[in-house]
Amino acid sequence: MVSLYILLQGCESAISMKSNYIDPQIIFSSRRWWNYDIFVADINHGFITQITKNKWIDFNPSISPDGTKLLFVSDRDGNREIYITDLEWLDGYSQWRATNLTNLTNSNENDWTPIFSPIDEKIVFSTYFPNEDNYDIMIMNIDGTNKKNLTNTSSYEKFPQFSPDGSFIIYQGWKGGKMEIFFTGLLDGNVENISRNIGSNDILPHGNAFSPDGQSIVFTSDRDSNRNIYLMNINSTNLIQLTTHISSDYEPVFSPDGQYVVFTSERDGNKEIYLIDIVSGNIKNLTKNPGDDWNPRFYDDNMKIIFQSSRDGNWEIYSMDLSGRNQTNLTNHPSTDYSFVIFPLLNP
């Protein structure tokens, strides 16, 4: 059985702090040793802690709402499974320690994109069934018990997201050969196609699609012949087109205060990060770099944006202010850094 190695050399006497981490953190996957492993980076000070270290692929991390548990996908058992580990904040040189590594899925299928519920001890994820060539959305308890197939159709269903109140999920589904956005209530099991446009592709971002109140989502659609950003109520009403450019705009994400949407655009001939004020409609190019910048996410303080960039010749993870200033390489390594998520903002 493969063990989880934690980089605590010379720190056996480190004492766990009772207080939570204070400085902003991200968690990501990087190929710095034999294969892709999970790392944590301190945004302010550049400290990086390696969480997993083995010859298999560990990626697609997800953090619990209180920052104490980590989910990730690994192929260490021959297929892609979802693992969970406890995260303990130590401070000092070794900032993090991971314990109690557990395989939650233990299946013959391939499991992807795990997400914690914001309100209870549930996890939603997608599973690929190779014999049927099909993806379904699954839910289970945080200990891996009571696994349930929420979709169970012959179509692809992927990339689930919990609503802010945890009462329902949205996910990407395929209908009639086109991508659509679906809603499933977790209490009544009600399923609705909320994008309702089988003539086009309506695409969920892999970041946060929800407004803070959970009443609206942002998404990408090619219903006007190219990819643009749209805003829509969760009940399919009040559809608003936020961008109208002839180039592709995609990967929209709501800001924590609901005032802005950040997205990736190719309108400058390469991938750049743009910010749009929902009320005024003002749009601003934040990155303005000849390299590709994509996959933007807001940090929970509403003051920073984390994004992916290839401007250094390889994939790195950057941060910047909402104005686009202070663009900083957070990972700064010649290997590929990707598949990042942001720790929740906690009070000390």
Out of curiosity, [X] [atom1] to [Y] [atom2], how far, rounded to the nearest 0.5 Å?
X: Y230; Y: D249; atom1: OH; atom2: CG; result: 10.5 Å
X: F307; Y: R297; atom1: CZ; atom2: CZ; result: 13.5 Å
X: S107; Y: N79; atom1: OG; atom2: CG; result: 5.5 Å
X: T328; Y: E316; atom1: OG1; atom2: CD; result: 12.5 Å
X: D222; Y: N201; atom1: CG; atom2: CG; result: 4.5 Å
X: S74; Y: N60; atom1: OG; atom2: CG; result: 11.5 Å

For the residue pair [X] and [Y], confirm or rule out a side-chain donor-acceptor distance under 3.5 Å.
X: E266; Y: S247; value: no
X: T105; Y: E81; value: yes
X: E157; Y: T153; value: yes
X: D165; Y: S167; value: yes
X: D77; Y: N103; value: yes
X: N289; Y: T287; value: no
X: Q259; Y: D277; value: yes
X: S30; Y: S335; value: no
X: Y156; Y: D133; value: yes
X: Y135; Y: N110; value: no

Among S200, S195, S155, find the one that has a side-chain hydrogen bond (donor to acceptor under 3.5 Å, both in side chains) with E180. S195

Any sub-3.5 Å donor-acceptor pair from [X]'s side-chain atoms to [Y]'s backbone N or O?
X: E192; Y: I194; value: no
X: S319; Y: I306; value: no
X: Q172; Y: L204; value: yes
X: Q241; Y: T243; value: yes
X: D75; Y: G78; value: no

Test: [X] and [Y] ion pair at under 4.0 Å:
X: D37; Y: K53; result: no
X: D293; Y: R311; result: yes
X: K158; Y: D136; result: no

Are any non-hydrogen side-chain atoms of [X] and [Y] less than 4.5 angstrom apart?
X: K69; Y: L87; value: no
X: L275; Y: I273; value: no
X: L186; Y: L150; value: yes
X: W96; Y: Q25; value: yes
X: L101; Y: Y83; value: yes
X: I217; Y: F254; value: no

Answer yes or no for R32 and F39: cation-pi contact, defined as NZ/CZ to six-membered ring centre under 6.0 Å and angle to ring axis within 45°. yes

Stepwise side chain to side chain donor-acceptor pair (under 3.5 Å) test for T336 and N314: CA-CA 6 Å; T336 297; N314 65 307; 5.7 Å; no

Heavy-atom pair of closest approach, residues [X] and [Y]:
X: G291; Y: S310; answer: C-OG, 4.4 Å
X: P344; Y: G67; answer: CG-N, 3.7 Å
X: R223; Y: S221; answer: NE-OG, 2.9 Å
X: I181; Y: D202; answer: CG1-O, 3.7 Å
X: R267; Y: H245; answer: CB-CE1, 3.3 Å
X: S339; Y: Q308; answer: N-OE1, 4.2 Å

Does one hydrophobic cluster hold both [X] and [Y], with members joined at side-chain heavy-atom distances below 4.5 Å?
X: W174; Y: W112; result: yes
X: I342; Y: L330; result: yes
X: I63; Y: I51; result: yes
X: L286; Y: I276; result: no
X: Y338; Y: I317; result: no

Assert yes or no for the condition that the ring centre distance of [X] to [Y] is strictly below 6.0 Å.
X: Y36; Y: F59; answer: no
X: W294; Y: F263; answer: no
X: Y171; Y: F159; answer: no
X: F168; Y: F210; answer: yes

Could you pull out all residues at least two apart from N302 that satisfy side-chain hydrogen bond (donor to acceptor under 3.5 Å, both in side chains)? D257

Take F183 and I234, measure what side-chain contact (heavy atoms from CB on, under 4.5 Å) needs, and give me the verdict at the end. CA-CA 8 Å; F183 164 109; I234 198 68; 4.1 Å; yes

Using a 6.0 Å cut-off, check whether atom [atom1] of [X] has over 12 heavy atoms from anything other than its own residue.
X: L239; atom1: CG; answer: yes
X: N108; atom1: CG; answer: no
X: K147; atom1: NZ; answer: yes

Evaluate the side chain to side chain donor-acceptor pair (under 3.5 Å) criterion for residues S323 and D321: first the C-alpha distance (whole Å), next the side-chain angles of each, then the deciding distance (0.1 Å), finally the verdict. CA-CA 5 Å; S323 64; D321 301 337; 4.5 Å; no

What's the verdict on side chain to side chain donor-acceptor pair (under 3.5 Å) for D58 and N54, showing C-alpha distance, side-chain angles and the deciding distance? CA-CA 9 Å; D58 298 334; N54 57 67; 3.1 Å; yes

Take D268 and N285 through the side chain to side chain donor-acceptor pair (under 3.5 Å) test and state the conclusion after the steps. CA-CA 9 Å; D268 298 294; N285 183 344; 3.1 Å; yes

Apply side-chain contact (heavy atoms from CB on, under 4.5 Å) to the pair I43 and D23, showing each step before the final yes or no. CA-CA 7 Å; I43 292 176; D23 294 321; over 6 Å; no

When you look at I115 and F125, which way does the side-chain contact (heavy atoms from CB on, under 4.5 Å) test go after all the steps? CA-CA 6 Å; I115 300 291; F125 59 101; over 6 Å; no

